[in-house]
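Notes follow once the structure below has been shown.
In what follows, every heavy atom counts, from backbone to side chain, and hydrogens, waters and symmetry copies are set aside. Naming: A, B, ... by sequence-line order, numbering from 1 per chain.
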Number of protein chains: 2
Amino acid sequence: MLAHNAIHSSPAAISRVGRVARDNKPGHMPPAFAQPHQVLFCSPNKEIYAQGERATALYQVEFGAVRIYRLLSDGRRQISAFHVAGEVFGFEADGHHRFFAEAVCNSAVRVYRLPIDADLSRDILPSALLALVRAQEHLLVIGRQNAAERVAAFLLDLAERQGDLPQIELAMSRTDIGDYLGLTIETVSRVFSKFRENGHIRLQGARTVMLLKPEALRAMCA
Amino acid sequence: MLAHNAIHSSPAAISRVGRVARDNKPGHMPPAFAQPHQVLFCSPNKEIYAQGERATALYQVEFGAVRIYRLLSDGRRQISAFHVAGEVFGFEADGHHRFFAEAVCNSAVRVYRLPIDADLSRDILPSALLALVRAQEHLLVIGRQNAAERVAAFLLDLAERQGDLPQIELAMSRTDIGDYLGLTIETVSRVFSKFRENGHIRLQGARTVMLLKPEALRAMCA
DNA sequence: CGTAATGTTGACAAGGGTCAAGCTTAGTGG
DNA sequence: CCACTAAGCTTGACCCTTGTCAACATTACG
């Protein structure tokens with residue numbers, strides 16, 4: 001079952017791109033943190049941390065996108081979240097990572113080594129709670145919505161996070177989308193095609209989506 | 001789809017059972033909080049808070065069980081978590097509840113009104129992170145595991161939370177289990193029957209489960 | 001321009017949903 | 001104490017959505 005999407009190319013260790021200048025880009029990061037200890041530049045599929053590793057830092061996406069996922073022993077994968085610019089990830093309950101984190105595309109990630117001081121830890125609670133609410137809402141999508149509803153919810157969520165522009169750039173492959181929505185790539189692809197035929201979206205290549213009727217999509221996810 | 005489990009009888013308002021004696025039961029609550037502002041006694045299906053309400057408190061289960069859930073407009077329900085004795089719930093990202101919380105069975109819930117003072121808020125971060133990890137792990141179960149694997153994971157999780165005794169008391173109905181696992185009651189029932197036929201479990205009535213071969217169940221969820 | 005990775009589409013199969021009937025259990029009242 | 005009832009649970013028959021397998025198209029890249 002689903003063995004075809006078991007292949008992931010991320011044996012590479014974390015490459016520290018060392019302390020770099022980060023005094024630029026003032027204040028377009030939502031929870032404007034203090035100086036990160038370092039900034040990590042990642043090419044696609046670069047591993048940021050792995051399941052089982054000790055959790056030594058929190059991370060904030062500067063640009064690009066990151067996937068958080070888990071694997072079953074037979075290779076089935078569930079992506080629990082995508083994180084884009086400004087979002088914080090890497091929270092763990094007991095000092096070691098229960099998930100993998102990888103760059104989806106060329107990305108930069110700010111690294112805040114633990115322990116985080118008291119001021120900062122007040123700032124991160126909202127980020128943790130946001131992640132919790134997102135995960136719980138995603139449970140509803142995966143647990144109770146059909147394929148079309150899941151894809152509609154996904155597209156609307158992305159559009160909202162990209163500033164509600166009608167045109168969306170998908171950083172992730174169909175495999176990623178399937179593993180996020182609990183579907184196969186074939187089903188994802190068929191839903192995209194159906195949406196195109198219905199006039200709900202326009203596709204310019206596989207990764208550029210224009211939402212022609214966002215209301216129609218919104219109506220689907222009730 | 002799934003309209004048969006849309007009926008929920010909880011129009012009742014929250015009944016405050018006022019300040020009661022709570023100096024008893026010392027220190028068997030994992031995150032030993034200070035005095036709660038009140039303790040709420042709940043009969044089955046009593047609403048603790050509703051989606052849309054302002055979040056005014058955090059809650060800790062004293063005994064019994066609580067379900068956290070969301071509804072789609074057509075009545076489909078997804079239970080994102082069950083909470084049992086000692087667990088804290090009610091975290092929200094922006095001051096209002098995105099979910100419903102109801103007692104599953106006769107229960108008592110400690111109420112800590114917001115804002116929580118600084119000392120306490122340090123204590124609650126671990127609870128929030130635990131809830132986040134649980135939700136993300138549940139995503140894997142719902143997104144990528146089949147019916148038998150989901151039920152196996154559910155039974156093992158319950159057993160672990162009840163102290164790893166071989167005998168489990170289910171506080172919740174098949175409908176609740178189905179809505180937690182993203183399955184119908186019929187499928188849940190069939191999996192229970194299959195596990196009984198395989199000798200993995202013994203059922204004494206519908207709500208008492210003995211795990212005869214926990215290793216076999218464990219092997220299923222990889 | 002050629003090759004590999006990614007995406008699309010079709011035919012078919014299967015897991016789980018739907019509908020319906022019957023069974024168990026707990027609760028109630030005679 | 002037992003019969004009656006209603007709610008919850010189980011089981012069967014059938015069917016639909018989505019997964020599987022395969023072929024082909026498209027895109028990205030060297």
Inset, instruction - Quick one: list whatever passes ring pair (Phe, Tyr, Trp, His ring centres under 6.0 Å) with B/Phe89, sequence neighbours left out. - result: B/Tyr59, B/His83
Nearest whole angstrom, please: distance from the [atom2] of [N] to the [atom1] of [X].
X	N	atom1	atom2	answer
B/Phe195	D/dC9	CZ	P	17 Å
B/Leu181	C/dG15	CG	P	18 Å
B/Asp74	C/dG17	CG	C1'	14 Å
B/Asn146	D/dG19	CG	P	13 Å
B/Arg76	C/dG17	CZ	P	12 Å
B/Asp179	D/dG8	CG	P	13 Å
B/Leu183	D/dT17	CG	C1'	15 Å
A/Gln204	D/dT27	CD	P	12 Å

Legend entry - Pairs flagged by ring-ring contact (aromatic ring centres under 6.0 Å, His included) wherever residues 130-150 of chain B is involved - sequence neighbours left out: B/His138-B/Tyr180
Legend entry - Contact under 4.0 Å: A/Thr187 side-chain N or O vs D/dG19 OP1/OP2: yes
Legend entry - Contacts of B/Arg174 that satisfy salt bridge (Lys or Arg N to Asp or Glu O under 4.0 Å) - sequence neighbours left out: none
Please write out the pairs of protein N or O atoms and N or O atoms of nucleotides 6-8 of chain C separated by less than 3.5 Å, giving the distance to one decimal.
{"residue": "C/dG7", "atom": "OP1", "partner": "A/Arg174", "partner atom": "N", "Å": "3.4"}
{"residue": "C/dG7", "atom": "OP1", "partner": "A/Arg207", "partner atom": "NE", "Å": "2.9"}
{"residue": "C/dG7", "atom": "OP1", "partner": "A/Arg207", "partner atom": "NH2", "Å": "3.3"}
{"residue": "C/dG7", "atom": "OP2", "partner": "A/Arg174", "partner atom": "N", "Å": "3.1"}
{"residue": "C/dT8", "atom": "OP1", "partner": "A/Arg174", "partner atom": "NH2", "Å": "3.2"}
{"residue": "C/dT8", "atom": "OP2", "partner": "A/Arg174", "partner atom": "NE", "Å": "2.8"}
{"residue": "C/dT8", "atom": "OP2", "partner": "A/Ser189", "partner atom": "OG", "Å": "2.8"}
{"residue": "C/dT8", "atom": "O5'", "partner": "A/Ser189", "partner atom": "OG", "Å": "3.1"}

Could you tell me which residues satisfy side-chain hydrogen bond (donor to acceptor under 3.5 Å, both in side chains) with [X], sequence neighbours excluded, listed by chain and number?
X	result
A/Ser43	none
B/Asp157	B/Arg161
A/Arg98	A/Asp94, B/Glu137

Inset, instruction - Rounded to 10°, tell me the angle between the two end axes of the helix from C/dC1-D/dG30 to C/dG30-D/dC1, each built from five pairs. - result: 40°
Legend entry - Of all pairs that satisfy salt bridge (charged side-chain N to carboxylate O under 4.0 Å, His left out), the ones with a partner from residues 203-214 of chain B, not counting sequence neighbours: none
Inset, instruction - Salt-bridge test for A/Arg77 and A/Asp176: reply yes if a basic N is under 4.0 Å from a carboxylate O, no otherwise. - result: yes
Inset, instruction - Using modelled atom types only, decide if a donor and an acceptor are shared between the side chain of B/Ser193 and the backbone of B/Ser189 within a distance under 3.5 Å. - result: yes
